[in-house]
Amino acid sequence: MSHGCVSAVSTSATDGLSLIATAGFFVPAAVLVAVVVMAVVRDRRLAARDRAEHDGGHERIGSPAAGDRRPAG
């Protein structure tokens, strides 16, 4: 009669191990994908900021980066 009980325990253990193995694969994979996406977004933002600086997009009247461009007089 105890043979049926061992089978249920081994089935539960196998199910638990498969859940751990699945989480052990997909959780690090999801973290890696998130890190790559964040790096790409950061790179795009930095590139856009560099392009804006080179194109003069940061120079607006009254902005501290542009300095005082009002004519003296």
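Everything numeric in this text was worked out from a predicted model, so none of it was measured.
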Residues in side-chain contact (heavy atoms from CB on, under 4.5 Å) with Leu46, at least two apart?
Arg42, Arg49
Taking all non-hydrogen atoms of both residues, which atom of Pro28 and which atom of Ala23 are closest, and how far apart?
CD-O, 3.6 Å
Is Phe25 isolated, or which residues cluster with it under the ILVMFWY side-chain rule of less than 4.5 Å, directly or via members?
Phe26
Other ILVMFWY residues reachable from Val37 by side-chain steps of under 4.5 Å
Val33, Val41
